Participant: 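Structure incoming, see below.
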Amino acid sequence: SAASGIAVQSTDSRRTNLPDICSPSQLSAELVLQLRKWCEQSQGDNVANSWLGLSQWAKSQPAIRESLVAALRSFTPLDKSGRLSPTSIQRLWPTPYVTSVSKLESYARCPFQHFASHALQLSLRPKQEVRAEQVGRLYHEILEQFVNELMETGRTLRELSPAQVAASLSRSCELIVPRFADAARLDAPVQRKLSWRSGHELPSAIEAQKTGVAQTGLSPIAVEKQFGFGGADALPAIALKLTGGRQVLIRGKIDRIDLLNLGDKTLATVFDYKRSIGKKLRLDEVYHGLALQLLAYLLVIRDHGNKLAATRIIPAGTFYLPLVAGLPRVDHPSDADDKKFNPQADLRPAGVFDFDWIDSLDPNYAEGSGTSVFRVRKNIKGELAYPNQSDAVPSGQLPLLLDHVRSKLTALAEDWLSGDVSVRPAHLGKDLPCTRCNYRAVCRFEHATRQTNALARMNNTEVLTAIAKGAENE
């Protein structure tokens with residue numbers, strides 16, 4: 001029985017996988033679990049009927065009814081139009097309104113996720129372990145030191161020999177790792193592991209940059225460049241004008257800015273270091289507001305590039321720069337000896353850039369063949385080929401993309417400050433933020449209801465067409 005005073009009910013002796021139930025609360029929890037499985041269609045009707053019958057019986061038992069009713073409240077649909085009061089908004093987010101691109105991306109993924117993280121400031125119980133984001137931050141600091149040393153000496157990466165690259169990287173690791181370990185309170189064995197790990201992973205990334213980006217003529221002029229934080233060296237924030245005369249300032253930090261001088265003008269590119277395998281920028285995620293950071297960085301360059309160079313600055317592109325890559329696949333080991341085999345293909349930059357500048361960015365580019373640096377191809381007419389598989393966008397499209405990013409940031413800021421904190425995860429294709437969300441235990445989102453923010457998958461051409469139509473209608 002689930003509690004004293006309740007008559008024992010017989011069960012099917014053939015059922016051997018029944019859970020251990022020793023209290024009314026355990027019975028209530030199991031009933032809700034089984035009913036949820038039925039709602040999500042992961043359990044057949046025959047099994048569900050037994051649990052439905054048991055739940056009806058449990059409701060008639062005074063010793064169980066209270067705990068069962070409490071457990072069944074988790075099945076009560078939340079008010080999906082949940083909105084904070086003006087007083088709560090003012091207390092949670094007083095003026096001046098300052099945020100970041102990543103926070104607005106979080107809001108686009110799910111308003112409640114943003115609310116739980118940045119208003120309630122809920123967090124997981126800390127563990128004494130080195131998390132992936134900590135390793136990523138360490139690599140950022142090592143590469144910042146590495147690039148700063150290059151700029152201070154006036155050398156470029158392509159001029160360094162392998163021995164010089166190794167020595168410079170070793171100096172950067174020796175300087176940064178102990179300081180990072182002290183700040184994170186890591187013990188000596190963990191520090192040694194981080195030193196070994198960075199010493200084995202980063203050389204491949206540096207070598208890929210040397211044979212790739214470093215051959216383009218682009219030269220780094222700033223690393224970890226702040227915007228919106230004030231100070232003589234920082235760039236201004238992205239200023240979003242909202243209704244009612246309100247203004248939201250977006251601040252952040254750009255991993256690396258490279259310039260290419262073309263005489264009367266200068267091309268600017270942004271690189272964002274990523275310690276994740278196969279990270280790419282999908283334009284449909286940009287369109288829906290789920291991946292705005294890369295292009296927001298380029299928006300800063302467009303608005304305030306005059307602070308970086310004396311000549312006219314033209315935003316040319318923005319890229320993820322991978323720091324790690326998976327093992328390349330080959331049909332046979334001998335294929336690795338082929339001249340066309342590139343073991344560092346997955347370490348190439350991935351993002352979006354203006355096709356007009358491909359010949360300037362990659363002087364070695366040959367018509368009709370893929371560049372070794374960027375993911376792009378030309379057809380026999382010299383036009384962009386395979387636009388839906390390319391990182392390049394046709395002439396005149398990059399400025400429109402930047403305009404769309406500003407509009408999307410503004411729309412998200414309007415929704416954020418309206419107080420909408422509804423549980424409404426963005427559903428793009430098969431992707432749901434719930435699978436990687438830290439707040440699943442508190443949002444009470446029921447997958448069976450499918451009350452998501454359904455977004456359409458789009459290829460590059462469809463995205464650019466939709467943005468162009470939107471620009472015409474404004």
Side-chain angles (χ1 to χ4, degrees), residues 1-85 87-88 92 106-107 109-117 119-125 419-427 430-454:
S1 65
S4 60
I6 298 176
V8 176
Q9 304 295 312
S10 62
T11 61
D12 188 345
S13 60
R14 293 171 294 178
R15 293 285 304 277
T16 59
N17 60 343
L18 287 174
D20 294 329
I21 298 174
C22 303
S23 69
S25 60
Q26 289 179 340
L27 174 62
S28 301
E30 187 64 30
L31 282 169
V32 170
L33 175 63
Q34 298 299 330
L35 292 176
R36 178 178 285 110
K37 289 180 179 179
W38 177 54
C39 291
E40 294 177 352
Q41 298 180 348
S42 61
Q43 186 158 258
D45 290 342
N46 291 336
V47 176
N49 287 336
S50 300
W51 289 104
L52 286 169
L54 183 56
S55 67
Q56 294 300 319
W57 169 83
K59 285 181 181 179
S60 67
Q61 305 299 314
I64 302 178
R65 186 186 304 115
E66 184 176 352
S67 64
L68 179 60
V69 170
L72 287 173
R73 288 197 190 103
S74 65
F75 262 163
T76 304
L78 291 180
D79 181 6
K80 301 300 178 182
S81 62
R83 197 173 294 274
L84 299 174
S85 67
T87 302
S88 297
L92 288 170
S106 171
Y107 188 90
R109 287 191 290 272
C110 178
F112 183 82
Q113 180 190 81
H114 175 275
F115 174 66
S117 177
L120 301 181
Q121 298 184 0
L122 304 180
S123 60
L124 296 175
R125 181 177 297 172
D420 181 7
V421 294
S422 57
V423 180
R424 193 177 68 254
H427 192 184
K430 295 182 179 180
D431 296 335
L432 267 176
C434 308
T435 57
R436 301 175 297 276
C437 183
N438 293 332
Y439 311 106
R440 296 175 65 184
V442 294
C443 76
R444 294 165 59 193
F445 175 70
E446 292 292 344
H447 290 269
T449 64
R450 288 300 176 196
Q451 293 179 353
T452 61
N453 179 21

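Being a predicted model, the structure only gives us computed values, none of them experimental.
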Participant: If you round to the nearest 0.5 Å, how far is CG of L120 from CG of L92?
Facilitator: 7.5 Å

Participant: Less than 4.5 Å apart, any side-chain heavy atom of L27 and any of L54?
Facilitator: yes

Participant: Closer than 3.5 angstrom, by distance alone: can the side chain of Y107 be matched with the main-chain N or O of F115 as a donor-acceptor pair?
Facilitator: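 Here the side-chain-to-backbone pair does not exist.
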
Participant: Out of curiosity, L68 CG to Q56 CD, how far, rounded to the nearest 0.5 Å?
Facilitator: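 Atom-to-atom, L68:CG and Q56:CD are 9.0 Å apart.
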
Participant: According to side-chain hydrogen bond (donor to acceptor under 3.5 Å, both in side chains), who are the partners of S85, at least two apart in sequence or on a separate chain?
Facilitator: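 So S85 forms a side-chain hydrogen bond (donor to acceptor under 3.5 Å, both in side chains) with S88.
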
Participant: Please report the closest heavy-atom contact between K59 and R65, naming both atoms and the distance.
Facilitator: O-NE, 2.9 Å

Participant: Can you measure from CG (N438) to OG (S123) and round to the nearest 0.5 angstrom?
Facilitator: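 Between N438 CG and S123 OG, I get 9.0 Å after rounding to 0.5 Å.
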
Participant: Rounded to the nearest 0.5 Å, how far does NE2 of H427 lie from SG of C434?
Facilitator: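 So the gap between those two atoms works out to 9.0 Å.
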
Participant: Is any side-chain heavy atom of V421 closer than 4.5 Å to a side-chain heavy atom of R83?
Facilitator: no

Participant: Do S28 and S67 get their side chains close enough for a donor-acceptor pair, meaning under 3.5 Å?
Facilitator: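 Per modelled atom types, S28 and S67 side chains form a pair under 3.5 Å.
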
Participant: Restricting to non-hydrogen atoms, name the atom on R424 and the atom on T452 that form the minimum distance, rounded to 0.1 Å.
Facilitator: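 Reported closest heavy-atom pair: CG-C, 4.2 Å.
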
Participant: Hey, are the side chains of F112 and S422 touching, using non-hydrogen atoms and a 4.5 Å cut-off?
Facilitator: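 They are not in side-chain contact.
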
Participant: Can you tell which of P425, P433, C443 makes a side-chain contact (heavy atoms from CB on, under 4.5 Å) with Q113?
Facilitator: P433

Participant: Within a strict 4.5 Å, meaning less than it, do heavy atoms of the I64 and W57 side chains meet?
Facilitator: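 A side-chain contact exists here, since the closest heavy-atom pair is under 4.5 Å.
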
